[in-house]
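Structure record follows, encoded as structure tokens.
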Amino acid sequence: MQSHSDWRSTIIVTCSFAIVFVALVWTVRRSSEKEKKSKSIEKEKPEIVNGVVHSPQPDDPQPEAEDQNDDTIPELPDPNWVRVGQVRELYVYPLKSGRGKELRECNFTRFGICEESEGKFTLRDRMFLVYNEETGRFQTGRQFPTLILISLSAVDESRVKLEALGMPRVVFHVPESSGDDVEAVQCKMWWGEPVKCIDCGPEAAEWLSRFLTGTSSGLRLGYTMMDNRDLFKEPWKKFTEVYSTLRNEDTGLFCDLASYMLMTVQSVEHLNQKLEQPVPALQFRPNILVSTKEAFSEDDWEWIRIGDRAVIRNVKPCTRCKFVLVNPDSGVVDDEEPLKTLKTFRQHTDPDRISLEGTAPVMGIYCGLYVPGKVNIDDDVFVHIPESSTNRETK
């Protein structure tokens, strides 16, 4: 029989082995964790090859912020898209009131149509504007009809150029914005609405002044600071009270009101049937020209999908003024027959809209972006039509 002393010795030995085993296991696990951490840190270190730093890619990369958008539209969680036509023409106007540039493809972004080319400065719709040096007021084809003859295009990653018939082109660097109000120029748009821009320098200013006024000064070129305007303050507050779908996100850059203007080929053709001298669609300065079945059907479209992804929303009809009569080829104001003819059968009937915008004729629709995406010529155009509606086209 084992003595009490032997029993105590056995307990001590067993406990010692247990303590040693636990310590060994703890040491191994800690060593393993350190090794994993070391490998993780090593993996995150950038690799330098031929003097170029290459940041490592994660094993399971997260999608870009824009790709995380699952095309769910806040006001329209379950859209029923019905095909209504195809994109026929796309236009971007980098200079407000300047010549439009026809595109084969583009990106629909929060700030309007965007043209991106490798190695070139990214051009966005109405990202530049002409303003009066003394008053800061923006200038358009209403004040200078020949402004519509000026083309603004990208030269390389940081420079753009201004061109017009009979003038040597001018190339200049686009100023970089730091978001500092100190560098901002205070300009004025409709009804004195304050907007900020960055001045593009003396070369562009002198070129514009000579072409538009015949003098060496007086006009300047401003570049956007990529700010949204506030439609819920004066002078635009009265518009949001009548058009409840308008949002600040719809304003674009230096657009009159919204970042997209859509109209249909059939609407232009319908008007031209009533005119002695037909007018081109570009004279109405659309961003998107759609071929569909019926003239002016766009008035009734609310949610519009273009191509596989991009979604815009109709926020208000586009009222027309004398500026639409400026010929895009000559810069001359044509006869007012198109405007008078349009007014006879295309104007507001809602009393609230008439009190806001008078009896100006309407043609085309202003739209705001809800889902960004790439758009090409000949892309299909879809409109959301509730399931209960009849006579739908096949998706």
### Message
Before you tell me yes or no, could you show the steps for E163 and K161 under side chain to side chain contact (heavy atoms under 4.5 Å, CB included), namely the whole-Å CA-CA distance, both residues' side-chain angles and the distance that decides it to 0.1 Å?
### Response
CA-CA 7 Å; E163 296 177 290; K161 61 183 177 182; 3.4 Å; yes
### Query
Does some side-chain heavy atom of Y223 sit less than 4.5 Å from a side-chain heavy atom of M127?
yes
#### Entry: Residues in salt bridge (charged side-chain N to carboxylate O under 4.0 Å, His left out) contact with E116, at least two apart in sequence or another chain
none
### Task
Measure the spacing between CG of L129 and CZ of F138 and express it to the nearest 0.5 Å.
8.0 Å
### Task
Please list, chain by chain and in numerical order, all residues satisfying salt bridge (charged side-chain N to carboxylate O under 4.0 Å, His left out) with R169, sequence neighbours excluded.
none
### Message
Between Q283 and R285, is there a side-chain donor-acceptor contact under 3.5 Å, judged purely by atom types and distance?
### Response
no
### Query
Should the heavy atoms of other residues, nucleotides or ligands under 6.0 Å from CD of E234 be counted, would the total exceed 12?
yes
### Test item: V87 and I306 side chains (from C-beta on) under 4.5 Å apart, heavy atoms
yes
### Query
Hey, what else clusters with V171 if you join Ile, Leu, Val, Met, Phe, Trp, Tyr whenever side-chain heavy atoms sit under 4.5 Å?
V155
### Message
Does W236 form a side chain to side chain contact (heavy atoms under 4.5 Å, CB included) with L257? I'd like the steps, not just the answer.
### Response
CA-CA 9 Å; W236 294 108; L257 182 59; 3.6 Å; yes
### Query
What residues form a salt bridge (charged side-chain N to carboxylate O under 4.0 Å, His left out) with R110, not counting sequence neighbours?
none
### Message
Measuring only between side-chain heavy atoms, which start at C-beta, is W303 closer than 4.5 Å to W81?
### Response
yes
### Message
Strictly distance-based, threshold 3.5 Å: is any side-chain N or O of N248 a donor or acceptor partner for the main-chain N or O of L231?
### Response
yes
### Query
Would you say N287's side chain and M261's backbone share a donor-acceptor pair under 3.5 angstrom?
yes
### Query
What do you reckon, are the aromatic ring centroids of F108 and Y260 less than 6.0 Å apart?
yes
### Query
Can you check whether P168's main-chain N or O pairs, donor with acceptor, with W207's side chain at less than 3.5 Å?
yes
### Task
Taking the side chain as every heavy atom from C-beta outward, state whether V383 and V82 have any pair of such atoms under 4.5 Å apart.
no
### Lys NZ or Arg CZ of R124 over F111 ring: under 6.0 Å, within 45°
no
### Task
Measure across C197 and G222 and return the closest heavy-atom pair with its distance rounded to 0.1 Å.
SG-CA, 3.8 Å
### Task
Find out whether I365 and V315 are in side-chain contact, i.e. whether some heavy atom of one side chain is under 4.5 Å from a heavy atom of the other.
no
## Note on the structure
Rounded to the nearest 0.5 angstrom, the CG-CG distance for L271 and L342 is 5.5 Å
### Query
Hey, are the side chains of I304 and C367 touching, using non-hydrogen atoms and a 4.5 Å cut-off?
yes
### Message
For the residue pair S151 / S153, report whether a side-chain donor-acceptor contact shorter than 3.5 Å exists.
### Response
no
### Message
Which Ile, Leu, Val, Met, Phe, Trp or Tyr residues join V362 in one cluster when any pair of side-chain heavy atoms under 4.5 Å counts as a link?
### Response
none
### Query
Hey, what do you get for CD (E298) to CG (L262), rounding to the nearest 0.5 Å?
6.5 Å
### Task
Check whether NZ of the Lys or CZ of the Arg K238 lies under 6.0 Å from the centre of the six-membered ring of W191 and within 45 degrees of that ring's axis.
yes
### Query
Any chance the side chains of T264 and S267 put a donor and an acceptor closer than 3.5 Å?
yes
### Query
Taking the six-membered ring for Trp, are H270 and F345 ring centroids under 6.0 Å apart?
yes
### Message
Looking at E157, I want to see if its CD is surrounded by more than 12 non-hydrogen atoms of other residues, nucleotides or ligands under 6.0 Å.
### Response
no
### Message
Looking at D78, I'd like to know if its CG atom is crowded, meaning that more than 12 non-hydrogen atoms belonging to other residues, nucleotides or ligands lie closer than 6.0 Å.
### Response
no
### Query
Under 3.5 Å, is there a donor-acceptor pair between the side chain of R320 and the main chain of M363?
yes
### Query
Sub-3.5 Å donor-acceptor pair from the side chain of N272 to the main-chain atoms of V279, do we have one?
yes
### Query
In this structure, are over 12 heavy atoms from other groups packed under 6.0 Å from E294 atom CD?
no
### Query
Within 45° of the axis and under 6.0 Å from the centre of the six-membered ring of Y243, does NZ or CZ of K316 qualify?
yes
### Message
A cation-pi test, strictly: NZ or CZ of R346 under 6.0 Å from the centre of the six-membered ring of F296 and no more than 45 degrees from its axis. Yes or no?
### Response
yes
### Message
Could you work out, with salt bridge (charged side-chain N to carboxylate O under 4.0 Å, His left out) as the rule, every residue matching D199, not counting sequence neighbours?
### Response
R220
### Task
Might you confirm whether atom CG of L275 has over 12 heavy atoms from other residues, nucleotides or ligands at distances under 6.0 Å?
yes
### Query
Just by distance, do the side chain of Q266 and the backbone of T292 share a donor-acceptor pair under 3.5 Å?
yes
### Message
Go through it in stages, so that I can follow the logic: the residues are Q347 and R353, the test is side chain to side chain contact (heavy atoms under 4.5 Å, CB included), and I'd like the CA-CA distance, side-chain angles, deciding distance and then a yes or no.
### Response
CA-CA 10 Å; Q347 61 184 55; R353 296 180 180 185; over 6 Å; no
#### Entry: Test: K188 and E193 ion pair at under 4.0 Å
no
### Message
Using a strict threshold of under 4.0 Å (side-chain N to carboxylate O), is an ion pair present between R313 and E302?
### Response
yes
### Query
Got a donor-acceptor contact below 3.5 angstrom from the T213 side chain to the R210 backbone?
no
### Message
Once rounded to the nearest 0.5 Å, what's the spacing between atom CD of E102 and atom CD1 of I377?
### Response
6.0 Å
### Task
Hey, could you give me the OG/CZ distance between S97 and R126, rounded to the nearest 0.5 Å?
8.0 Å
### Message
I'd like to know if the side chain of W301 and the backbone of S297 have a donor-acceptor N/O pair within less than 3.5 Å.
### Response
yes
### CD (E75) with more than 12 external heavy atoms under 6.0 Å
yes
### Task
Identify the heavy atoms of V160 and V174 that sit nearest to each other, and give their distance.
CG1-CG2, 3.7 Å
### Query
Do any N or O atoms from the side chain of Q86 and from the backbone of D378 form a donor-acceptor pair under 3.5 angstrom?
yes
## Note on the structure
Distance col, row L253:CG vs D227:CG, nearest 0.5 angstrom, shows 9.0 Å
### Task
State whether a side-chain donor-acceptor pair under 3.5 Å links E89 with Y91.
yes
### Audit row: L221, L208, side chain to side chain contact (heavy atoms under 4.5 Å, CB included) steps and yes/no
CA-CA 8 Å; L221 183 66; L208 286 169; 3.6 Å; yes
### Task
With the side chain counted from C-beta on, respond yes when C114 and C106 share a heavy-atom pair under 4.5 Å apart, and no when they do not.
no
### Task
Please confirm whether the backbone N or O of R137 pairs with a side-chain atom of Q139, one donor and one acceptor, at under 3.5 Å?
yes
### Query
When you check the gap from the basic side-chain N to the acidic O, do K374 and D308 get nearer than 4.0 Å?
no
### Message
In the structure I gave you, are the side-chain heavy atoms of I148 and R99 within less than 4.5 Å of one another anywhere?
### Response
no
